[in-house]
Amino acid sequence: MTSPTLPHPDPTDPDTVIASIRRHAADGTLPLTAPVLQLLGAALLYQARIAAAEAVFPGITHLTDDGPAELTVYRSQGNAIPFGTYTTREAARACGEDALKLYRSISQDVSMGWVPESGDDEVAEELVLFGPGPDDEDSTGILITPITVGVLYDLDAEG
């Protein structure tokens, strides 16, 4: 018995290889032997795991040609005491706001706002209370600090 000759997909792209195997199995041009079925089952499992990782850490599964991917996480802290680290700025802000409400009484006529250290998108922000007067501003000591997490150790990286 001879094996069918299949066109060779790009071996550096696992998605193309798996898609090619699935297509040939569906067309009936590839015998569904136990190893092929095991490969297809493992591919489904790994694709589900990759999708789950990507959902939790967006961008983590996409490496660039220039080097390994980096992930930015956000640490919520008050007076240098960490409350938690989150994958979104919004989650870190919610943590900081809840911590403030838990430890400090806030009047109804006071509003909260996040003030960045500078105009850059990836800078620390501080939770500030405003009011009741037009010039009333109160620093809370609660910060959101972006932290870049690298995949590999880099001796020359800042930090």
Side-chain angles (χ1 to χ4, degrees), residues 9-23 35-159:
D10 178 6
T12 63
D13 182 11
D15 290 331
T16 304
V17 173
I18 297 301
S20 177
I21 292 171
R22 284 187 180 145
R23 187 174 47 258
V36 170
L37 292 173
Q38 288 174 338
L39 175 66
L40 291 173
L44 286 173
L45 177 66
Y46 287 118
Q47 285 174 332
R49 288 181 179 171
I50 289 171
E54 187 67 32
V56 174
F57 301 108
I60 194 71
T61 61
H62 300 287
L63 300 181
T64 66
D65 292 338
D66 298 334
E70 292 181 337
L71 172 69
T72 300
V73 295
Y74 301 89
R75 182 179 60 224
S76 179
Q77 65 184 30
N79 297 320
I81 299 170
F83 299 141
T85 304
Y86 304 91
T87 59
T88 65
R89 187 180 294 272
E90 292 75 23
R93 284 177 175 170
C95 174
E97 291 168 8
D98 286 346
L100 179 66
K101 292 173 188 173
L102 184 63
Y103 297 111
R104 187 169 172 178
S105 173
I106 300 172
S107 162
Q108 291 285 0
D109 53 351
V110 172
S111 61
M112 291 187 279
W114 290 96
V115 178
E117 288 182 347
S118 70
D120 189 7
D121 287 341
E122 291 301 317
V123 297
E125 299 176 323
E126 182 173 7
L127 182 57
V128 176
L129 299 178
F130 299 98
D135 295 328
D136 293 344
E137 185 176 308
D138 185 16
S139 176
T140 64
I142 294 179
L143 298 173
I144 302 303
T145 306
I147 302 168
T148 302
V149 181
V151 175
L152 301 174
Y153 170 71
D154 183 1
L155 178 65
D156 298 325
E158 292 183 35

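Residue numbers count from 1 along this sequence.
- Annotation for Ala80 and Pro82: closest pair O-CD, 3.5 Å, computed over non-hydrogen atoms.
- Each side chain to side chain donor-acceptor pair (under 3.5 Å) pair with one or both residues in residues 78-89, not counting sequence neighbours, appears once here: Arg89-Glu125.
- By the side chain to side chain contact (heavy atoms under 4.5 Å, CB included) test, Asp109 pairs with Ser107, Pro132, sequence neighbours left out.
- Atom CD1 of Ile50 sits about 9.5 Å away from atom CD of Glu54, to the nearest 0.5 Å.
- In this structure, CD1 on Ile142 lies 5.0 Å from CZ on Phe83, to the nearest 0.5 angstrom.
- Scanning for side chain to side chain donor-acceptor pair (under 3.5 Å) contacts around Ser139 gives Glu126, with sequence neighbours left out.
- Minimum interatomic distance between Ile144 and Ala92 (heavy atoms only, all atoms of both residues): CD1-O, 3.3 Å.
- Side-chain contact check for Thr140 versus Tyr103: every heavy-atom pair is 4.5 Å or farther apart.
- For the pair Leu127 and Gly96, the tightest heavy-atom approach, listed with the atom from each and the gap, is CD2-O, 4.1 Å.
- Under the rule for a side chain to side chain contact (heavy atoms under 4.5 Å, CB included), the partners of Gln77 that lie at least two apart in sequence or sit in another chain are Arg75, Leu143, Thr145.
- Applying the salt bridge (Lys or Arg N to Asp or Glu O under 4.0 Å) test to Arg104 and every residue at least two apart in sequence or in another chain returns Asp138.
- Atoms CH2 and CD, from Trp114 and Glu90 in turn, are 11.5 Å apart once rounded to the nearest 0.5 Å.
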